[in-house]
Amino acid sequence: MSDQPKTPGTDHDERETSYDVTAVESKWQRVLEELQPFRADDEAVLSGRKEKRYALTMFPYPSGDLHMGHAEVTALHDVIARYWWQRGYEVLNPMGWDSFGLPAENAAIRNDAHPADYTYGNIDTQLESFRRYGVSFDWSRRFNTSDPEYYRWTQWLFLRLHEKGLAYRKNSPVNWCPQDQTVLANEQVVDGACERCGAEVTKRELTQWYFRTTAYAQELLDSLDDLQPTWSSKVVNAQRNWIGRSEGAHVDFVVEGREEPLTVYTTRPDTLFGATFMVVAADAPLAAELVTPEQQEALDAYLVEVRKETEIARLATDRPKTGVFLGVHATNPLTGTRIPVYAADYVLADYGTGAIMAVPGQDQRDWEFAQVFDLPIIRTVQPPEGFDGEAYTGDGPAINSANDEIDLSGMGVDEAKRTAITYLEGRGLGRGTVNYRLRDWLLSRQRYWGAPIPIVHCPEHGEVPVPEDQLPLLLPDLRGADLKPKGTSPLGAATDWVETTCPTCGGPARRDTDTMDTFVDSSWYFLRYVSPHDETQAFDTRLANAWGPIDLYVGGDEHAVLHLLYARFFTKALRDMGLVAWDEPFSAYLSQGKVINGGRKMSKSLGNGVNLGEQLELFGVDAVRLTLVFASPPEDNIDWADVSPAGALKFLQRAWRLSGDVTSAPGTDPADGDRALRQVTHRTVRDAESLVESHRFNVVVARTMELVNATRKAIDSGPGAADPAVREAVEAVAVLLSLVAPYVAEEMWERLGHEPSVARAGWPTVEESLLVQESVTAVVQVRGKVRARLEVAPDISEADLEAAALADEAVQRALEGAEVRKVVVRAPKLVNIVV
RNA sequence: GCCCCGGUAUCCCAACCGGCAGAGGAAGCGGUCUCAAACACCGUCCAGUGUGGGUUCGAAUCCCACCCGGGGCACCA
């Protein structure tokens, strides 16, 4: 390592010039564990004695030790939590572990062990690292989602959702990860690949458990408007796109030889006159229902082809269109034309109705299909002059769109849509409707290390909930090879566990062998923190309402549509059951950037990883935390190659040195201190308030550095170390640093003659009188160029300022021979003379 | 293709409602200290704000178009 070592060199000076980072860290870690300054007091909040703040950062999955990413998110998050304590709030700042999940299971298979061994071993390691890292967590509230005391309540909540019809089973084509041998939720498929392991996802037809997230689609979308100002725009945008609301219509088509109509969803009811054929999703039950015996064989052959496709191949839009005629015809309700019905894989089974009306004139996909199958194309929107594309999807006047009853000719797309819907509704042929891209959340998994689904399948009574007094439904004790993925749940092999009796009739029955997606665990953990040891309920509603919602949630945007959406869904569902009073779990959300190195994501293969433990050894906790907070705005990525932990440590040493220079006694009244320094101190403290609240933590650090520089100057070449203003300034520095660099801040506080802990010392009181300036610099511009600077009173009138500006010698010179056309005065800062 | 966010000195970043482009840091350079170095301290160099247009007395900031980077959605009818 070529970096500067943190231990000081030989000291020739008698005065200490640097502190021993390691000694300070271990000393204060010990003292603070004794003091417990960050215990959240329920009573203070319930009684209304203190105002609450709930600060939360995403709890980690216990894989190995903490890394730079954890270090960043907790450092940022801790600035806010510690600030709230200093401002006098009662702060709930809990931490725990999201400890169910596949890595532990895979490790168990490799090592012929139990997933719990890996999981709980890593939790111990991470806990130790967190403690050293000095985050203001209230450790008395910690829990792990894999603890039976926790997953008991995950199961209980599942049963509540089941009771309300929000958890249900259905047979449907689902995403299948061949690597992990389990199904995946839509949210866990990224570009056709498994979000966890990267394997190409395929489709399987399976009966699986779902949460009815779509029941809340509109509310999940609407509430985003309220969250917009306090959530990172990236995440709001991502969720909007994910929910994917679209407005359109359901249109019923009569199919020859069939009772029920074939209903399609379309966003372009205005183009119905141009519908020249129909397509149903090949893998939807609808295709099998419609197909004629003559075409059955063709459909089956096509399906074999389709099922072979991976999602990645299917998603390629430049692939030629394929499909098969189903042998049936429908009637276009507006034109009366007989149109053929096809099955194809470009129509999705689980979006809309799984069937479309194809309008090749106005839809590029339909155009391509029509070309392949030689089907008629009718334009119903006039493309603009010079349009040389194929399908025209833009706005324009309707053409070819009239029958005896309705005439859309000449209308723009919007008007034509409205008119068409009104007509269809009037004739009972269709109705306006809203559709969402959001699907229900597939929550069952064919793996071991998760919460078992508390359902018994009885031949007599179907799905029977496990009675509440039998919760938790513990996992059977499986390990090593028992856990090898084989496409069905490992729980199925635990015969003693699976074979049970029906809670309703007592007859023989089988347990559900799937476990829940680990995102279920994390969809309500923030509620458990309010009463983590409650053995009688999932969480105490009174406490949840007192502490919640979370005032600031900090995390990575890799969870923008997964965890954050699921947690929002849970909250709304629990609200409707009367279990919480809030509509949204996270009032504000800050998404922190990533720590990268040399312009690239850290990775083993690139060999550019930065090891957190090593950095802490080299520079200490405070300097690493300061580096991460100071490097950039929280939402930006931090390139470790661009930052200087050595520089951060240098600054901390400078700050610390100030605390040894102060010679005035603790409690000295600063009133008679040097006014200039006092002004800097008070202005810095005041500005820091709004900067912290708007999450501009990097600027807070910069302003603290400024204050340190000003104080240094005051000591060395100003009023001197004995001036009370110096003590006031250094104490402010200690408090400001307590948000970012807790250990050195404590050390400074002690050297200043105070009792620990500086973390609970309280925010300095700002004297308003010190914020007003005696004089300000007014700039005089002539034609936009600065020609003079005037020292004026802050409350100078516009007329006086203008007069003073015009009287100025340099201004006079600049105006020589020119005619003043206009004078813009913005007292007290600026005069602009236009010539 | 549609939708969000960003582009300021060599680098990371500040700049409130449109009002002096620079707060802070890193790197560089020069110096003080030192036998020398490291540390520390002092000083100093460095951009007209991605490009083009517009609005305005005045634009990094507002508007339009484009370029580049990051992210979301995407055969979603």
Side-chain angles (χ1 to χ4, degrees), chain A residues 4-5 8-13 15 17-18 191 232-244 246 248 264-268 271 279 314-319 321 344-348 350-359 362-366 368-369 393 435-439 557 560-561 591 593 626-627 630-633 635-639 641-644 646-648 650-651 653-654 657 687 690 694 696 698-709 712 716-717 777-786 789 821-826 829-835:
Chain A
Q4 302 307 335
T10 328
D11 242 333
H12 292 292
D13 213 328
R15 204 177 61 170
T17 58
S18 57
D191 293 329
S232 99
S233 57
K234 222 181 193 172
V235 174
V236 172
N237 180 249
Q239 294 216 358
R240 281 222 175 87
N241 286 339
W242 188 259
I243 295 168
S246 75
V264 302
Y265 173 70
T266 177
T267 55
R268 294 294 302 275
T271 62
V279 186
R314 203 189 59 78
L315 288 172
T317 49
D318 51 359
R319 204 167 56 110
K321 291 284 176 289
D345 66 351
Y346 83 92
V347 170
L348 305 176
D350 57 354
Y351 183 76
T353 61
I356 62 157
M357 64 180 210
V359 188
Q362 274 72 232
D363 184 288
Q364 185 60 28
R365 298 155 297 184
D366 297 344
E368 287 163 15
F369 193 86
T393 56
N435 205 32
Y436 302 90
R437 218 195 59 94
L438 180 73
R439 314 294 155 88
D557 43 19
V561 288
S591 82
L626 182 78
T627 303
F630 179 54
S632 69
E635 309 203 69
D636 290 4
N637 286 345
I638 295 172
D639 193 333
D642 290 336
V643 297
S644 170
K650 201 161 82 175
F651 163 71
Q653 296 283 12
R654 266 165 70 76
R657 225 172 290 128
D687 289 353
S690 55
S694 54
R696 279 146 54 200
N698 55 325
V699 186
V700 176
V701 173
R703 297 299 302 276
T704 306
M705 289 173 167
E706 232 177 313
L707 179 56
V708 166
N709 292 344
R712 180 82 262 156
D716 291 346
S717 53
T777 306
V779 174
V780 186
Q781 300 175 328
V782 178
R783 245 210 253 112
K785 287 191 83 172
V786 180
R789 288 162 208 276
R821 280 203 281 174
K822 189 174 174 186
V823 182
V824 180
V825 185
R826 290 286 176 274
K829 291 176 74 178
L830 178 125
V831 179
N832 190 12
I833 302 166
V834 188
V835 294

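Note on naming: letters A, B, ... go to the chains in the order of the sequence lines (proteins, then strands), and numbering restarts at 1 for each one. Keep in mind it's a predicted model, so treat the numbers as computed, not measured.
A/Ala702 comes within 4.0 angstrom of a nucleotide base, judged by non-hydrogen atoms across all strands. Among the atoms of the strands shown, base atoms are found under 4.0 Å from some heavy atom of A/Arg319. A/Gln781 comes within 4.0 angstrom of a base, heavy atoms only. At a threshold of 4.0 angstrom between heavy atoms, the contacts of A/Val779 include nucleobase atoms, whether or not backbone atoms are also involved. Within the 4.0 angstrom heavy-atom criterion, base atoms lie near A/Val347.
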Worked check of salt bridge (Lys or Arg N to Asp or Glu O under 4.0 Å) between A/Arg439 and A/Asp350
CA-CA 8 Å; A/Arg439 314 294 155 88; A/Asp350 57 354; 2.7 Å; yes
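Among the nucleotides B/C41, B/A23, B/A77, the one closest to the side chain of A/Ser246 is B/A77. Looking at the side chain of A/Arg437, the nearest of the listed nucleotides B/A77, B/G19, B/C73 is B/C73. Picking from B/G24, B/C57, B/C11 the nucleotide with the shortest atom distance to the side chain of A/Asn709 gives B/G24. Of the listed nucleotides (B/C75, B/C41, B/A77), B/A77 has the atom at the smallest distance from the side chain of A/Tyr351.
Between A/Arg654 and A/Asn709, the side chains place a donor N or O and an acceptor N or O closer than 3.5 Å (distance only, hydrogens not considered). A donor-acceptor pair shorter than 3.5 Å can be found between the side chains of A/Ser246 and A/Tyr265.
When the C1' atom is compared between B/A59 and B/G52, the two are found 15 Å apart, to the nearest whole Å. Only the P atoms considered, B/A21 is 14 Å distant from B/U61, to the nearest whole Å. Of the C1' atoms belonging to B/G7 and B/C45, the separation is 25 Å, rounded to the nearest Å.
Using a 90° window around 0 for the glycosidic torsion, B/G48 falls inside it and is classed as syn. In this entry the base of B/C64 is anti relative to its sugar, with a glycosidic angle more than 90° from 0.
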Is there any protein nitrogen or oxygen under 3.5 Å from a nitrogen or oxygen in nucleotides 13-16 of chain B, and what are the pairs?
residue, atom, partner, partner atom, Å
B/C13, O3', A/Asn698, ND2, 3.3
B/A14, OP1, A/Asn698, ND2, 3.3
B/A15, OP1, A/Arg696, NH2, 3.0

Restricting both atoms to N or O, compile the protein contacts to nucleotides 1-8 of chain B shorter than 3.5 Å, with distance only.
residue, atom, partner, partner atom, Å
B/C3, O2', A/Asn237, ND2, 2.9
B/C3, O2, A/Asn237, OD1, 3.4
B/C4, O4', A/Asn237, ND2, 3.3

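We find that A/Asp345 and A/Arg319 are joined by a salt bridge, their nearest charged nitrogen and carboxylate oxygen being less than 4.0 Å apart.
Along RNA chain B, the nucleotide closest to A/Glu706 and the one closest to A/Val561 are compared, and the more 5′ of them pairs with A/Glu706.
Regarding contacts with the backbone of B/A77, every side-chain N or O of A/Tyr346 stays at 4.0 angstrom or more from both OP1 and OP2. Of the side-chain N and O atoms in A/Arg657, one or more sit less than 4.0 angstrom from OP1 or OP2 of B/C41.
A/Val701 is not listed as a side-chain neighbour of A/Arg703, based on a closest heavy-atom distance of 4.5 Å or more.
For the pair A/Trp242 CH2 and B/G72 P, the interatomic distance rounds to 11 Å; values are reported in whole Å.
Nucleotide B/C75 has no partner under the Watson-Crick or G-U criteria, as no pair reaches both atom distances under 3.5 Å.
Judged by atom type and distance alone, A/Lys321 reaches the base of B/C75 through a side-chain donor-acceptor pair under 3.5 Å.
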